[in-house]
Amino acid sequence: MAKTPQAIRGTQDIFGADAEAFAFVVEAFERVRKLYRFRRVEMPVFEKTEVFSRAIGETTDVVSKEMYSFGDRGGESLTLRPEFTAGIARAFLSNGWQQHAPVKLATHGPLFRYERPQKGRYRQFHQIDAEIIGAGEPQADVELLAMADQLLKELGITGVTLHLNTLGDGDSREAWRAALVEYFLGVKDELSEDSQERLEKNPLRILDSKDRRDRAFVADAPKIDQFLSDDARAFFGAVTSGLDAAGVKWQRAESLVRGLDYYRHTAFEFIPDEGSEAAGKLGSQSTILGGGRYDGLMESLGGAPTPAVGWAAGIERLAMLVGDRAEPNADAIVVVENDGAMDAAIAALGTLRRGGLTAELFASGSPRKRFDKAVKAGAEAIVAFDLRDGAPARRIKADEAATARLEALLGRS
RNA sequence: GCGAUCGUAGCUCAGUUGGUUAGAGCGCCGGUUUGUGGUACCGGAGGUCGCGGGUUCGAACCCCGUCGAUCGCCCCA
């Protein structure tokens, strides 16, 4: 026999209860997104490589070592999207969506990153995504976060807190960054190896290092608040008071930074509370929803300065938190206990389905065992067909309400 | 890219210091029993023990390599 090819590392075949949980997340997102009047957008799964390298930042890990890039037949370098935001920004610019600005957009689908898979992290993974483009006011941040908060509540996810920070405007962020570099340079030899490297590449990231050696210094590191311009401080104040007004609980996280170059002002993540059930289910992949403001992104793609905020959440991670979602039982299972009654059963099956009932046919294997299999499979009703005096006869096993509903469709026997 | 753990039936797993023909439960298929029902019993199919090499009289078991999975580091949703 020919050998079965293996699935690609880090891809998943999702089935059964896991697939139901996945669908549950997407359905809730679609519902909430409509409540908040976010408009649905469908995006290409791949783009020219430069869309991502310019938007996300050449030096980030995502671009430098995690992209699925390939040359097409014309020699163009293309990349499977590692995130939504860059592609949406490109679409906004190339389609002239400025005319709709401010525009609230929502989408979901697969993303690709060449990483080592582990719990809650895959090479092909799936996100839901929400963006508000062309809105520079803090109310947009509030709107976006209120939507995220409501979504998590509707999913029944508890033990998760919104961690909120500001990175200030471009100047604030640069000043803070310079101060951090200077501070950490002074204690460089005592930092972990990873953080010594981060000092060169991404000094902000030292702040959320997990290494104990770094932690001691992080506590005394310069705080963004010292470097905020008046405007930036006022902006953040408006976001937090807006969240309070909207009833969204949040917690200040001074060392929360986001990995990608384009973030400004608001940065946030929803993270499970330490020791919570949610934290246990997620393993070490703790962020379930993250995002922020990216006012500089459009310029990096050659567009006019355009303020924007957005977030994305991993569907797999959310699905792990919503618990098992059993596949629903059929409204009716039609059992053929004698093949002579097959046609009558098939006819009844069609009638039930046209009447809006979910229905399935059990007509294979030993006729004597089919009924037991139906009982075991579980259904609101079992409609059994047999031959009585040579003619097809029907018997319904269900409670009164279900029996009445079936008889209304099938007629009384 | 680095580290740890693990690969035995469709699934979950047992398999004694290395010793005859590798097992169980569930599931699947068939039969018997029951006969307005989720029962019980009997039988059957299904395994190159991830793959390759080595040690040994003899390897599922020990050693090396390789592939894969899981979890962690880095990074991130």
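Below, chain A is the first sequence line, B the second, and so on; all start at residue 1. Worth knowing before you read on, the calculation uses all heavy atoms, side chains too, and leaves out hydrogens, waters and symmetry mates.
In this structure, Ser284(A) reaches the rG72(B) phosphate: one of its side-chain N or O atoms is under 4.0 Å from OP1 or OP2. In terms of phosphate contacts, Gln118(A) brings no side-chain nitrogen or oxygen within less than 4.0 Å of OP1 or OP2 of rC71(B). Between Arg258(A) and the phosphate of rA77(B), there is a side-chain N or O to OP1/OP2 separation shorter than 4.0 Å. The phosphate of rC74(B) (OP1 or OP2) has no side-chain N or O of Arg205(A) nearer than 4.0 angstrom.
For RNA chain B, the stems formed by at least three consecutive Watson-Crick or G-U pairs, with both atom-pair distances below 3.5 Å, span B:1-7 with B:67-73, B:10-13 with B:23-26, B:28-32 with B:40-44, B:50-54 with B:62-66.
For Asp169(A) and Arg173(A), the salt-bridge test fails: no basic side-chain N is under 4.0 Å from an acidic carboxylate O. Using a cut-off of 4.0 Å between Lys/Arg side-chain N and Asp/Glu carboxylate O, Arg370(A) and Asp386(A) are scored as not salt-bridged. The pair Glu200(A)-Arg198(A) does not count as a salt bridge, with every side-chain nitrogen at least 4.0 angstrom from each carboxylate oxygen. Using a 4.0 Å cut-off between charged nitrogen and carboxylate oxygen, Asp171(A) and Arg264(A) do not count as a salt-bridge pair.
Within 4.0 Å of Tyr114(A), counting heavy atoms only, lies no atom of the nucleic acid at all. Within the 4.0 angstrom heavy-atom criterion, no nucleotide atom of any strand lies near Glu193(A). Within the 4.0 angstrom heavy-atom criterion, base atoms lie near Arg116(A). Contacts of Arg121(A) with the nucleic acid, taken as non-hydrogen atoms under 4.0 Å apart, include base atoms. Within 4.0 Å of Glu269(A), counting heavy atoms only, lies no atom of the nucleic acid at all.
In this structure, His126(A) has its ring center under 6.0 Å from that of Phe22(A). Residues Tyr68(A) and Tyr114(A) bring their aromatic ring centres within 6.0 Å.
When rounded to the nearest whole Å, the span between CZ of Arg198(A) and P of rC73(B) equals 11 Å. One atom, CZ of Phe268(A), and another, P of rA77(B), lie 11 Å apart when rounded to the nearest Å.
With Phe24(A) as the aromatic partner, Arg325(A) meets the cation-pi criteria of under 6.0 angstrom to the ring centre and within 45 degrees of the ring axis.
Proximity of residues 369-382 of chain A to RNA chain B (heavy atom under 4.0 angstrom from any strand atom) is restricted to Lys369(A), Phe371(A), Asp372(A), Lys373(A), Val375(A), Lys376(A).
The gap from the C1' atom of rC42(B) to that of rG10(B) amounts to 23 Å, rounded to the nearest Å.
Under 3.5 Å, the side chain of Arg9(A) and the base of rC67(B) form no donor-acceptor pair of N or O atoms.
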Take Val41(A) and Met43(A), measure what side chain to side chain contact (heavy atoms under 4.5 Å, CB included) needs, and give me the verdict at the end. CA-CA 6 Å; Val41(A) 56; Met43(A) 305 297 308; 3.6 Å; yes
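Ranked by how close their nearest RNA chain B nucleotide is to the 5' end, Lys65(A) and Ala313(A) are led by Lys65(A).
Nearest heavy atom pair, residue Thr11(A) against residue Ile8(A), reads OG1-O, 2.6 Å.
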